[in-house]
Amino acid sequence: MPATPELQKYLSLLNPEQKQAVEHEDSPLLILAGAGSGKTRVITTKIAWLISEKNVDPRSILAVTFTKKAANEMRERAQAMEPSAEESQIRTFHSFGAYFLRRYAEAAGVDKNFTVYDDDDMVTLIQKSTPGLKKSEAASYAHSIALAKDYCLPPDSLRLGEVSSDPLFAEVYAAYQKRLRSTGNVDFGDLIMLPVQVLAENANIARQMHYRYRVIMVDEYQDSNVAQFLFLKALSGVDQDSGTYVCVVGDDDQSIYKFRGAEVQNILNFQKEFPGTQLIRLERNYRSTSAILNAANCVIKNNSDRLGKTLSAERGDGKKPDLIFLPNQDDEAAFCAELIKKQVKKGGTYSDWAILYRTNAQSLVFESEFLHKRIPYQVVGTLKFYEREEIKDLLAFLALLANSKDEIAFRRIVNKPARGLGPTSQDKIIDAAKEKSQDLITASKELAPSLSKKAREGLEKFSTLVDSFKEKLGDSTAASASDDSAASSNPDASNDSDADTVPANSKQNLGTLVEEIMQKSGLEEYHQADDEISGTQRVANMQELANNASLYPLSMDGLLEFLDSIELDRTLASQEDQSLDRVTLITLHNTKGLEFKRVIITGLEQGIFPRADKSGPELEEERRLFYVGITRAQDELYITSCAARRMYGRTEFMQPSVFLQEAGADTFRLLGNVPPSFERAINGGFLGGADFGDEGDYGDGEYSDGDFYDDTPQYGQQGRRSNAYGASSNFGASSNFGASSASAAPKIKHPLAKKYGLGQAVYHDDYGYGQIAKAEVRDGEYVIHVQFQNGGTKKFLPAYQAAQLMRVEE
DNA sequence: TCACAGTGACTTTTT
DNA sequence: GTCACTGTGA
């Protein structure tokens, strides 16, 4: 079959190494692909090439990634070149695990309609299976159990000591696992660990897999854990000489999930585990300017534990990244907002921009600042929506419909709203169900007569309700199981996508069921009361969930698909228009695989990034995280670091991140209030005025002088540019003011004392008109106290807050 | 069984 | 500063 014109076009776009990787055959292949080296292009082209040039059956190709976003992108791009790639399995590791387990549920000992327990559910189940544990203890065990499963260690493993030194751990783990099996459900770790066990214990299933998947590709291989490695080995049948073609792509410098069990050794040892492996390196970077790449290289070279690889820039020089020192996180947010607004005013778009931070909590300040300044934004990867109480309630109801042995879901909703069924009654029902191997609804019906009147009536109502909803799903026992293996049909296609399965014009979708549950279960009323008291949006949130559900058909399969889509990808709450023009707020971890024209990496402070307790290998992982962040930027990179930060309601004074010093003197253009210690550390004060010789790079109007960075020398020393990033043009020529105000504060020697002298009238957007009542110099900062007409007094740092505080001419 | 108020602990990072 | 947990009182 000749290559389609599209494929020809794509092939012609590849560089020699990429082309070699695409056309490689026969032996296992390890592609070491640096950031921005076009690895997704290689994988997708390879899929298309295999199908159209090598006549590989698209259904026999399995490509796994780590995030659903990456999987979707891969599928789209492969299909663009070769439409039949639609039939290939392009999924996340976990969703493939879920698919596998549903198909071989019996062999795995789980319910075919299982749902996936999240971390919270794990904690609850641990507390039930090992009574007496505090929540925090259970949470700690949950963490260890998850880690054990990442290493594919079952409860009876002799190597559990590697995961936890707690002598009770094995016991707690075993009790949990037993209880989990009795619910028929699985947790995240099971999605990988159980398939590995199934494949090890069932030679025929393993053989089916080897027969089914002739080509297996893994993206972001550096972040695979031991369980995933074993899964890959078992699926490919490398030890059985199955002849399956295996190709993995990764970058050891971007390994950032060690804490979750990712094992860099997987990539370092790949050639040993898969004999005859060929290695291809992709080191040409097409994404970033060389100034940005230089910064990335300067950072990562401080790591010792790496294969070593140097990216070369295929793009032009570009602008040197800016490193901006700011007083605190409010100013950090304000700075970012102003920077973005200015750029958009000049014709840029919001979606060019991404704000990166180390921890989710840091997004809050940006959110409120952006709301205030009317900057559209989206927060990526926040779990908040699915963690909301009302959403979890509704999901628990759905989970119970899917699997009526789900005790966690049962407990959550059986007494909500109150039906007189407290923990004691719940325990009774669950114990009875276990004893007789019944589902919880059957057990409820049997047990109801023995309960008190109130409890009995409540429980009877509840089980009737559940039954009626189950009926609407077409009854869970209706068989659809045909466990023929691969070749004949393609039963997977429907599992793959969400939007495609929408029944056109059908009123009977899952959304209507969700709405009905809201109303009839009393959850709507229950949360409505809350909305009225505390002004929350709970009912609206539930409605939102119903809207999402309406994309799925009203059937058990539709329900399972819906629950999977939520459980396996909680980051993608924003399936809404990707086309909307808005700023992206995102954790550094979540940026893996993404790119943006303009990137701001925030919070480069000791204790925040890197976190305080990091050293040795963990510090190296933090450093790689910084490297990942830097290499997301295409055209412009900004890095901010704050002198103080509010934590736990207290203000902590911060030191600049050690990573900044490591990067060296020439890597960034320094702006703002550079801490003297930092300046000494990186080069004994390299910022002699002459070093601004490269100013020409920035004088092109991108942000012309005085727009962002006020030229007024602040400290006298070294004639450095200062960082009054506010619109200084608002202030007119300073000579108009000087004399009188300076004489009003004769004692204070500070460059800003002239502009912001005692008695100066000012205007603030939020507080209105006021007058400077007091001025002082603290820690080298010029601080003014403003008495506002509305009665309040506020402190300001004119060096940074000029934008909010306008001087009023008299 | 539930509602409330006071107290303590707390922030990684994610499928 | 915020959230979740605990104990008290109705």
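Just the heavy atoms: all of them, side chains too, but no hydrogens, waters or symmetry mates, feed the values below. To find a chain, count down the sequence lines: A is the first, B the second, and so on, and within it residues start at 1. If you're wondering where the values come from, they're calculated on a predicted model, not measured in any experiment.
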Please classify the nucleic acid contact of [X] as base, sugar-phosphate, or nothing, using heavy-atom distances under 4.0 Å.
X: A:K135; value: sugar-phosphate
X: A:R358; value: base
X: A:F93; value: nothing

**OP:** Could you check A:T640 against A:E332 for side-chain hydrogen bond (donor to acceptor under 3.5 Å, both in side chains), going step by step and ending with a plain yes or no?
**Re:** CA-CA 7 Å; A:T640 59; A:E332 183 179 55; 2.7 Å; yes

Original post:
Toward the 5' end of DNA chain B, which comes first, A:E618 or A:S95, by nearest nucleotide?
Top reply: A:E618

So, are [X] and [Y] salt-bridged, with charged N and O less than 4.0 Å apart?
X: A:E605; Y: A:R358; value: no
X: A:D252; Y: A:R624; value: no
X: A:E389; Y: A:K416; value: yes

Original post:
Given B:dT14, is OP1 or OP2 found less than 4.0 Å from the side-chain N or O atoms of A:N360?
Top reply: yes

Subject >> Below 4.0 Å: OP1/OP2 of B:dT15 and any side-chain N or O of A:N225 >> reply: no

[atom1] of [X] versus [atom2] of [N]: gap in Å, rounded?
X: A:E652; N: B:dT11; atom1: CD; atom2: P; result: 16 Å
X: A:E220; N: B:dT15; atom1: CD; atom2: P; result: 12 Å
X: A:D187; N: B:dT15; atom1: CG; atom2: P; result: 16 Å
X: A:D223; N: B:dT13; atom1: CG; atom2: C1'; result: 11 Å
X: A:Y257; N: B:dT12; atom1: OH; atom2: P; result: 16 Å
X: A:L101; N: B:dT15; atom1: CG; atom2: P; result: 19 Å
X: A:I192; N: B:dT14; atom1: CD1; atom2: C1'; result: 13 Å
X: A:N590; N: B:dT12; atom1: CG; atom2: C1'; result: 13 Å

Subject >> Close aromatic pair by centroid cut-off 6.0 Å: A:F66 and A:H94 >> reply: no

**OP:** When you get a sec, tell me which of B:dT14, B:dT11, B:dT15 is the closest nucleotide to the side chain of A:R611?
**Re:** B:dT11

Original post:
What pairs meet the salt bridge (charged side-chain N to carboxylate O under 4.0 Å, His left out) rule with one or both residues in residues 131-149 of chain A, with sequence neighbours excluded?
Top reply: A:K149-A:D187, A:K149-A:D190

Original post:
With rounding to whole Å, what would you report as the distance between B:dT13 and C:dA4 at their P atoms?
Top reply: 15 Å

Original post:
Expressed in whole Å, how much space separates the C1' atoms belonging to C:dT6 and B:dT11?
Top reply: 22 Å

Original post:
Between the main-chain N or O of A:L421 and the side-chain N or O of A:Q426, is there a donor-acceptor pair closer than 3.5 Å?
Top reply: yes

Original post:
Between A:F93 and A:F231, how do the two ring planes meet: parallel, tilted or perpendicular, split at 30° and 60°?
Top reply: tilted

Original post:
Which word best sums up how the rings of A:H589 and A:Y257 line up, parallel for under 30°, tilted for 30 to 60°, or perpendicular for over 60°?
Top reply: tilted

Original post:
Are the side chains of A:L440 and A:D406 in touch, meaning some heavy atoms are under 4.5 Å apart?
Top reply: no

Original post:
Is the ring centre of A:F259 under 5.5 Å from the base ring centre of B:dT13, and are the two planes under 30° apart, so that they stack?
Top reply: yes

Original post:
If the sugar-phosphate is the primed atoms plus P, OP1 and OP2 and the base is the rest, what is the B/S/- string for nucleotides 1-10 of chain B, using protein heavy atoms under 4.0 Å?
Top reply: SS-------B

**OP:** Shoot me the first and last contacting nucleotide of DNA chain C against chain A, ordered 5' to 3', at under 4.0 angstrom to non-hydrogen atoms.
**Re:** C:dG1 to C:dC5

